[in-house]
Amino acid sequence: MEPRKRDFIDIAEIETCYLRRLLELTGRLKSGELSGRPLEGRTLAMIFRKSSTRTRVSTEAGMTQLGGHAIMISDRDSQIGRGESVADTAKVLSRYVHAILIRTFGHDEVAQLAREASVPVINGLTDLLHPCQVMADLYTAVEEFGEDLSGLRIAWIGDGNNMANSWLNAAYKFGFRLRIACPEGYGPDPRILARARSGADVEVLRSPVEAATGAHVVTTDVWASMGQEDEQAVREVAFAGFRVDEDVMAQADPSGIFLHCLPAHRGEEVTADVIDGPRSRVFQEAENRLHVIKAILLDLVG
Ligand code: CP
Ligand code: NVA
């Protein structure tokens, strides 16, 4: 029987030792210890049904650096954008390329693509999860605090969105303490929260200051994610007390850092003095997207 292909869709469903191996591989790629063109002759299709700067460019640049090639497919210029089914797209692309990365709205669409494709599928963000980003965030934490993530205290301030869900999955896998501060009605996915609670010290609070107390990492994200643009005004009211500012950062551990997946709205979810201040690691974090996706590509496509 052929071994089942590996996908990278949901870190909660991936063995922790494999995730650790990816983080270790990320370090070896970033340091230059691993180099060369191991993906020579290999092609990745990248389906983007939502906008992207970091995910698209880091993935395409990563494929180039590893000797391979990436093809961008958007709704505007492909048949999937005109209603061709995910199943047919998966079957056709599997005959041309060695892996598929997809960014889309519904998480089910990625799961379906992975079921129908015979090549590995990478989740480049859904409404539910953003696994490549949280791996880059974890790698940034490793650079700051060392390989053992289990003793970390992480504070998520703001929307219980795809990034909050991804941090919950990370807490579940690595066992660190996670405090989420979000307004009532804007919490994370209940199923993902319940699973994380079964494996880690996780609490949902209403106070950003309380959540940030003693934190090694304070992190946040936009108040309205892609697809929620119409809710911006309502969300600005709901999230008014959930901004990461100097008062919130003052509660963190003295070594505590600030992370944000970007893009950011200065003056909304984070003040400019925090995101542009000495404790911010957001550009190191953004750079790490490149090293992490190279590790994933090397493992899945190499
Ligand atoms: N953080 C992140 O995924 O950025 P992009 O939306 O620019 O890809
Ligand atoms: N939560 C944000 C993340 C962007 C990288 C969104 O989904 O729009």
Side-chain angles (χ1 to χ4, degrees), residues 1-15 18-19 22 25 36-136 162 165-166 169 225-227 289-290 292-302:
M1 202 168 76
E2 263 193 41
R4 173 103 188 90
K5 75 180 166 92
R6 206 181 248 291
D7 301 306
F8 192 82
I9 293 176
D10 177 351
I11 62 166
E13 287 168 11
I14 296 175
E15 312 88 287
Y18 177 79
L19 298 174
L22 285 180
L25 198 52
R37 298 169 62 81
L39 301 191
E40 188 94 53
R42 308 238 148 192
T43 306
L44 173 78
M46 306 187 296
I47 302 173
F48 278 92
R49 313 199 71 177
K50 285 177 171 171
S51 301
S52 170
T53 298
R54 278 144 290 270
T55 306
R56 189 227 160 144
V57 179
S58 63
T59 305
E60 188 163 339
M63 276 305 279
T64 304
Q65 289 173 20
L66 293 168
H69 179 66
I71 300 172
M72 162 80 175
I73 302 165
S74 79
D75 270 11
R76 253 195 330 278
D77 50 27
S78 68
Q79 299 294 3
I80 198 169
R82 296 181 58 245
E84 185 169 14
S85 73
V86 169
D88 285 359
T89 304
K91 286 174 188 148
V92 171
L93 291 181
S94 295
R95 289 169 184 254
Y96 303 145
V97 302
H98 299 88
I100 305 168
L101 177 139
I102 179 166
R103 166 170 289 197
T104 190
F105 295 86
H107 193 75
D108 290 352
E109 194 172 302
V110 179
Q112 192 194 357
L113 187 82
R115 271 196 313 275
E116 302 289 349
S118 58
V119 297
V121 168
I122 301 169
N123 177 0
L125 179 146
T126 64
D127 292 342
L128 190 72
L129 296 173
H130 196 359
C132 298
Q133 180 67 51
V134 81
M135 287 296 284
N162 43 12
N165 291 333
S166 300
N169 283 344
S225 285
M226 289 181 277
R289 290 295 308 274
L290 172 67
V292 159
I293 194 68
K294 283 172 73 177
I296 294 168
L297 290 166
L298 198 54
D299 192 78
L300 295 187
V301 189

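Counting from 1, the numbers follow the sequence of the chain as shown. The figures here come from the full heavy-atom set of this structure, side chains too, leaving out hydrogens, waters and symmetry mates.
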*When rounded to the nearest 0.5 angstrom, what is the spacing between OG1 in Thr89 and CD1 in Ile73?*
8.5 Å
_Residues Ser166 and Asn169: side-chain donor-acceptor under 3.5 angstrom_ = no
*asked:* Quick check: closest heavy atoms across Ala117 and Ala90, and the distance to 0.1 Å?
replied: N-CB, 3.7 Å
*Pair His130-Thr55, side chain to side chain contact (heavy atoms under 4.5 Å, CB included): steps then yes or no*: CA-CA 10 Å; His130 196 359; Thr55 306; 4.0 Å; yes
*Hey, what do you get for CE (Met226) to OG1 (Thr104), rounding to the nearest 0.5 Å?*
10.5 Å
*Evaluate the criterion side chain to side chain contact (heavy atoms under 4.5 Å, CB included) for residue pair Ile71 and Tyr96; output intermediate values, then yes/no.*
CA-CA 11 Å; Ile71 300 172; Tyr96 303 145; over 6 Å; no
_Within this structure, what is the CG-CD distance for the pair Leu125 and Gln133, rounded to the nearest 0.5 Å?_
9.0 Å
_Partners passing side-chain contact (heavy atoms from CB on, under 4.5 Å) against His107 (at least two apart in sequence or in another chain)_ = Ile9, Asn123, Thr126, Leu128, Leu129
*asked:* Checking Gln79 against Arg82: is there a side-chain donor and acceptor pair closer than 3.5 Å?
replied: yes
*For the atom pair CE (Met72) and CZ (Arg56), what is the distance rounded to the nearest 0.5 Å?*
4.5 Å
*Any residue meeting salt bridge (Lys or Arg N to Asp or Glu O under 4.0 Å) with Asp108, in chain and number order, not counting sequence neighbours*: none
*Minimum heavy-atom separation for Cys132 to Ile293, with atom names?*
SG-CD1, 4.1 Å
*Taking the side chain from Asp75 and the backbone from Arg49, do they hold a donor-acceptor pair closer than 3.5 Å?*
no
_Any side-chain to backbone donor/acceptor pair from Arg54 onto Arg289? Under 3.5 Å, distance only._
no
_How close do Ser58 and Leu290 get, counting heavy atoms only, and between which atoms?_
O-CD1, 3.4 Å
_Donor-acceptor contact present, side-chain His69 to main-chain Thr43, <3.5 Å_ = no
*Indicate the atoms forming the closest heavy-atom contact of Leu25 with Ala295, along with that distance.*
CD2-O, 3.6 Å
*Single hit among Leu298, Val292, Asp299 for side-chain contact (heavy atoms from CB on, under 4.5 Å) with Ile296*: Val292
*Using atom types as modelled and distance alone, determine if a side-chain donor or acceptor of Lys5 lies under 3.5 Å from a backbone N or O of Ala114.*
yes
*Does the side chain of Phe8 come within less than 4.5 Å of Leu19's, by heavy atoms?*
yes
*With a cut-off of 6.0 Å (strictly less than), are more than 12 heavy atoms of other residues, nucleotides or ligands near OH of Tyr18?*
yes
*Distance in Å, Ser74 OG paired with Ile47 CD1, rounded so as to fall on 0.5 Å steps*: 10.5 Å
_Partner residues of Glu40 under the side-chain contact (heavy atoms from CB on, under 4.5 Å) criterion, sequence neighbours left out_ = Arg37
*Which value, rounded to the nearest 0.5 Å, describes the distance between Glu116 atom CD and Leu93 atom CG?*
12.5 Å
*Between Phe105 and Gly227, which heavy-atom pair has the shortest distance, and what is it?*
CE2-CA, 4.1 Å
